[in-house]
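I have placed the structure first, in the form of structure tokens, so that the comments after it can refer back to it.
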Number of protein chains: 2
Amino acid sequence: MQESNRKRGRSSKISRDRILEASLVEFAENGYEGATTASVARRVGVTQPLIHYHFGSKEALWRAAVELAFGRMTTVLQGVEEDVLRAEPRDAIRIMARRFVYFNARYPEVARLIISESAVRSPRLEWMVDKHLRPLIRQLEVMFKSGLEGGILKPLPIQSVVFAFLGAVPHFFDAAPLIDLLWGFDPLSPEYVEAHADTLVEMFTTGLFRTPDVA
Amino acid sequence: MQESNRKRGRSSKISRDRILEASLVEFAENGYEGATTASVARRVGVTQPLIHYHFGSKEALWRAAVELAFGRMTTVLQGVEEDVLRAEPRDAIRIMARRFVYFNARYPEVARLIISESAVRSPRLEWMVDKHLRPLIRQLEVMFKSGLEGGILKPLPIQSVVFAFLGAVPHFFDAAPLIDLLWGFDPLSPEYVEAHADTLVEMFTTGLFRTPDVA
DNA sequence: GTCTATAATTAGATAGAC
DNA sequence: GTCTATCTAATTATAGAC
């Protein structure tokens, strides 16, 4: 730990980290094309060329931000697996879902960063999928299949289930400004995070209908 | 109807419409900041100043694209209401959900355009919410409440339910390039649209678990 | 490691010819 | 209604001082 000059506007030992952190938010909010290195620099309080000193190019900065995002996500997912082993299968799935909700509440930029790149086929998307997303999804598929074989989950196409979940969970958190305008509350505050976790678990496990209503 | 010179690369009576249509896709794919008027012009095959002739500014073009998007959405939602009146309540909800899936498969840009603006509070977002989104959400709330009072739906917080649904449905379609990279199929093709509708209706009404499993 | 200065490119927007 | 030409501001990136 080097105790030095921080919070002085300009100059700081840890400015590389702060640039990286700010870039994650910037890329998540505006997408790759919409993000600017000048805006990242302004968030941190440094000059724009400093970003090139630390990262070389805008694209390299974006890659570093993606690494940071997926690093956080896999950390959380690995923590989940231990709990899963100890729990009754149905509860294991509930625990996993809740963890994913908490993760997205804590780091709403991560899912948003991924989603912002996913509508256009680009070398960036291909790199992100090959290096980070595909392995993660394969892991999810394994867990889903064991749920199927254990007779716990209905035989539904995993691709639809996965994308429904990946769409449903983070949207509540990364649309915080929209939710504030519509209803005047902050979805990132603890009570709403908890409520969203409860609601999603209920919805995805046993549905919205009161009576089972088997067709 | 003026029958004139179309499909000639440059010059066309209906180029205003084609610019508008292309801008909707451009804004949806890249977000407002990431979108460029030059790119819209290139999509259509006209020059960039022509956009300013027809729409005045980039922001006015964006507003026109939003009007187009919400016009399509409300058209579909009004069509739903007639069916709803004729159907058994539980089926009415299923029909509505299916329609929303079909709509998003047909026009994946609409939801994406909304979502791309919803992470940052801006005058644009405020305008979109006041003029278009709030009325639509209020309509949804009315339907949700009647489902509650009819004893059909579980008493869950509507905000979480709405955003889960608004996140889950379109993501499968606007992430088509990502899905192609992961699994090699096109979610916009009819069989996958149908499968996604089936899966979402099943998930949101009676859940993913095979046995009801009431806690 | 961080700055100032600046080059090269691209953005949104206007003027004016056809 | 559409184009060419062009202005100004903003963008990524580099050079060089401290």
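Chain identifiers are assigned alphabetically (A, B, ...) following the order of the sequence lines, protein sequences preceding nucleic acid strands; residue numbering begins at 1 within each chain.
- Atom CZ of F55(B) is separated from atom P of dT14(C) by 16 Å (rounded to the nearest Å).
- Between the side chains of Y32(A) and E26(A), not a single donor N or O lies within less than 3.5 Å of an accepting N or O.
- Within 6.0 Å of CZ in R106(A) there are 12 or fewer heavy atoms belonging to other residues, nucleotides or ligands.
- Within the 4.0 angstrom heavy-atom criterion, only backbone atoms of the sugar-phosphate kind lie near A35(B); the bases stay farther away.
- Residue S15(A) places at least one side-chain N or O closer than 4.0 Å to OP1 or OP2 of dT2(C).
- With 3.5 Å as the limit, one finds a donor-acceptor pair spanning the side chains of W183(A) and E141(B).
- Taking the side chain of S57(B) as heavy atoms from C-beta on, and the options dT4(C), dA13(C), dC3(D), the nearest nucleotide is dA13(C).
- Across the protein-nucleic acid pair, I51(B) atom CD1 and dG1(D) atom P stand 16 Å apart, rounded to whole Å.
- Distance from the side chain of P49(B) is smallest to dT14(C) among dT14(C), dA5(C), dG1(D).
- Among the nucleotides dA13(C), dT2(C), dT2(D), the one closest to the side chain of K58(B) is dA13(C).
- Between the CD atom of E33(A) and the P atom of dG12(C) there is a distance of 12 Å, rounded to whole Å.
- Ring pair F163(B)/H196(A): centre-to-centre distance not below 6.0 Å.
- In this structure, I19(B) places its CD1 atom 11 Å from P of dG1(D), rounding to the nearest Å.
- Between the CD1 atom of I14(B) and the C1' atom of dT2(D) there is a distance of 15 Å, rounded to whole Å.
- For dC3(D), one of the phosphate oxygens OP1 or OP2 lies less than 4.0 angstrom from a side-chain nitrogen or oxygen of T47(B).
- On a pure distance criterion of 3.5 Å, no polar donor-acceptor pair joins the side chain of Q48(B) and the base of dA11(C).
- Of all nucleotides listed (dG12(C), dT2(C), dT2(D)), dT2(D) comes nearest to the side chain of Y53(B).
- Contact between the side-chain N/O atoms of H52(A) and the OP1/OP2 oxygens of dT2(C) is not found at any separation under 4.0 Å.
- Counting non-hydrogen atoms under 4.0 angstrom, T37(A) reaches the backbone sugars and phosphates but no base.
- When the C1' atom of dC3(D) is taken as reference, atom CG of L50(B) falls 9 Å away, rounded to whole Å.
- Heavy atoms only, all atoms of each residue included: A69(B) and L113(B) are closest at CB-CD2, 4.1 Å.
- Straight-line distance from the CZ atom of R42(B) to the P atom of dG12(C): 10 Å, rounded to whole Å.
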